There are 2 protein chains.
Amino acid sequence: MDDVRWLSAEEQEIWRAYLSATVAFSAHIDRQMRQDSGMPMAYYEILVRLSEAPHRRLRMSELADVSLSSRSRLSHAVAALERNGWVERRPADGDRRGWVCALTEDGYAALAAAAPGHVTTVREHIFDVLTPEQLQSLRDIGEAISAGLRTECAAARAEDEAGADACDS
Amino acid sequence: MDDVRWLSAEEQEIWRAYLSATVAFSAHIDRQMRQDSGMPMAYYEILVRLSEAPHRRLRMSELADVSLSSRSRLSHAVAALERNGWVERRPADGDRRGWVCALTEDGYAALAAAAPGHVTTVREHIFDVLTPEQLQSLRDIGEAISAGLRTECAAARAEDEAGADACDS
DNA sequence: TAACGGTGGTTGAACTCTCAACACCAGCGG
DNA sequence: CCGCTGGTGTTGAGAGTTCAACCACCGTTA
């Protein structure tokens, strides 16, 4: 385990460029969302995914998967959103363990109010500063990284029969 | 302000690819750092920047800038790192307002212990899954996004004489 | 020297996230 | 019918972040 493949000087520059941009931009977009709409980006993502689901409702576990959050985080987040009157929790029919989370009219209105500012921020800082070629490359890069994370989870699950494989988001 | 330039279907796919990858990867690398070294990525970044500074020490404000964190966050973080014995705070000479933060030997040892696992994770999920062309593109993309964020700050400062321009990281 | 706006840094409260239990139920095998 | 394993979702405590004051000090100006 001592033969670490350290980063070359050029690799370090690439890694720093990636890290700086993603950290700074995610901070920027999160701050924009909090200031203009009073919720963090993670909550906005939950509302978006709900709004795109059939009947604007989703099982908690599915909602956790698509909104890129852990189950525990989703539980806390939905509790907060419910206090705002933006979502409702109802028992799932057919499985007395499960719950479905449904977007309310107020929640949809809050989402509609938040969307313009969010989209404008994304356009200004991503689509307006990158060339079409860079955007295509960005898609490929994102998919490659996501695929790499998924295959690591699969590999960990396969070779690790002792459970607890730490691969939830 | 009603003419929002919404995202096309293809733009939405690109944005989703970017968002999924960055959120999932940052969660992954943060979890790796917490499990293996007991500190979040933000703290590791602080130690790294300190270790690269002359005499392994830096003014608080400079440290905040290079480690991509707000002043408040850095204050709390350095307080925690100081409790671990990994950094020390000393008054800055020449300016009785300021403080310099210095990496201790224990802090350097903690950084050296954390680095291999961190670098391995970065290599496996970035450099091993992307082509040389994609890596070059990733650097350009990161620099373009960072530049866009900086120019927005400059523009906001220029046209906004009422102060409070919200451009700290 | 006294006032004053600007900078450096801290603090505390509220909020969000993570982690490790925990409760509950489904499905299956004895 | 009971136990057992696994999946669903929640809870509470602790850690980390944000935001809005706040204090102390600098440099400038009157």
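None of these values were measured; they are calculated from a predicted model.
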Quiz item: Phosphate oxygens OP1/OP2 of C:dT10: is one of them under 4.0 Å from a side-chain N or O of B:Arg89?
Solution: yes
Quiz item: Are any of the side-chain nitrogens in B:Glu45 or B:Arg73 under 4.0 Å away from the carboxylate oxygens of its partner?
Solution: no
Exercise. Return yes if the base of C:dT11 and the side-chain atoms of B:Ser72 contain a donor-acceptor N/O pair under 3.5 Å, otherwise no.
Key: yes
Practice problem: Write down the distance between CZ (A:Arg59) and P (D:dG7), rounded to a whole number of angstrom. | Solution: 14 Å
Exercise. Report the distance from atom CG of A:Asp65 to atom P of D:dG7, rounded to the nearest whole Å.
Key: 13 Å
Quiz item: Between atom CG in A:Asp95 and atom C1' in C:dC24, what is the gap in whole Å?
Solution: 11 Å
Quiz prompt | Note, A:Glu133 side chain near A:Ser137 side chain (heavy atom, < 4.5 Å) | solution = no
Quiz item: For DNA chain D, whose closest nucleotide is more 5', that of B:Ala77 or that of A:Ser75?
Solution: A:Ser75
Quiz item: Roughly, in whole Å, what's the span from CZ in A:Arg73 to P in D:dT17?
Solution: 14 Å
Quiz item: Are OP1 or OP2 of D:dT17 and a side-chain N or O of A:Arg34 less than 4.0 angstrom apart?
Solution: no
Practice problem: Measure the distance from OH on B:Tyr44 to P on D:dG16 and round it to the nearest whole Å. | Solution: 17 Å
Quiz prompt | Within 6.0 Å of OH in B:Tyr108, more than 12 heavy atoms from elsewhere | solution = no
Quiz item: Is B:Val100 linked to B:Met60 within one hydrophobic cluster, defined over Ile, Leu, Val, Met, Phe, Trp and Tyr using a side-chain heavy-atom separation of less than 4.5 Å?
Solution: no
Quiz item: To the nearest Å, how far apart are A:Met39 CE and C:dC15 C1'?
Solution: 15 Å
Self-check item: B:Val78 or A:Ala42, whichever maps to the more 5' nucleotide of DNA chain C
Solution: B:Val78
Practice problem: Inspect the surroundings of CD in B:Gln136 and state if more than 12 heavy atoms from other residues, nucleotides or ligands are less than 6.0 Å away. | Solution: yes
Quiz item: Over how many whole Å does the gap from B:Arg71 atom CZ to D:dG16 atom C1' extend?
Solution: 20 Å
Exercise. Confirm from the modelled atom types if A:His76 and D:dG12 form a donor-acceptor pair under 3.5 Å, side chain to base only.
Key: yes
Practice problem: Take the protein atom CG of B:Asp30 and the nucleotide atom P of D:dA15, then report the distance between them rounded to whole Å. | Solution: 15 Å
Quiz item: Is any side-chain nitrogen or oxygen of A:Tyr43 closer than 4.0 Å to OP1 or OP2 of C:dC15?
Solution: no
Exercise. Compare side-chain N and O positions of A:Arg97 against OP1 and OP2 of C:dC24 and report whether any pair is under 4.0 Å apart.
Key: no
Exercise. Would you indicate which nucleotide in C:dT18, D:dG16, D:dT10 comes nearest to any side-chain atom of A:Ser70?
Key: C:dT18
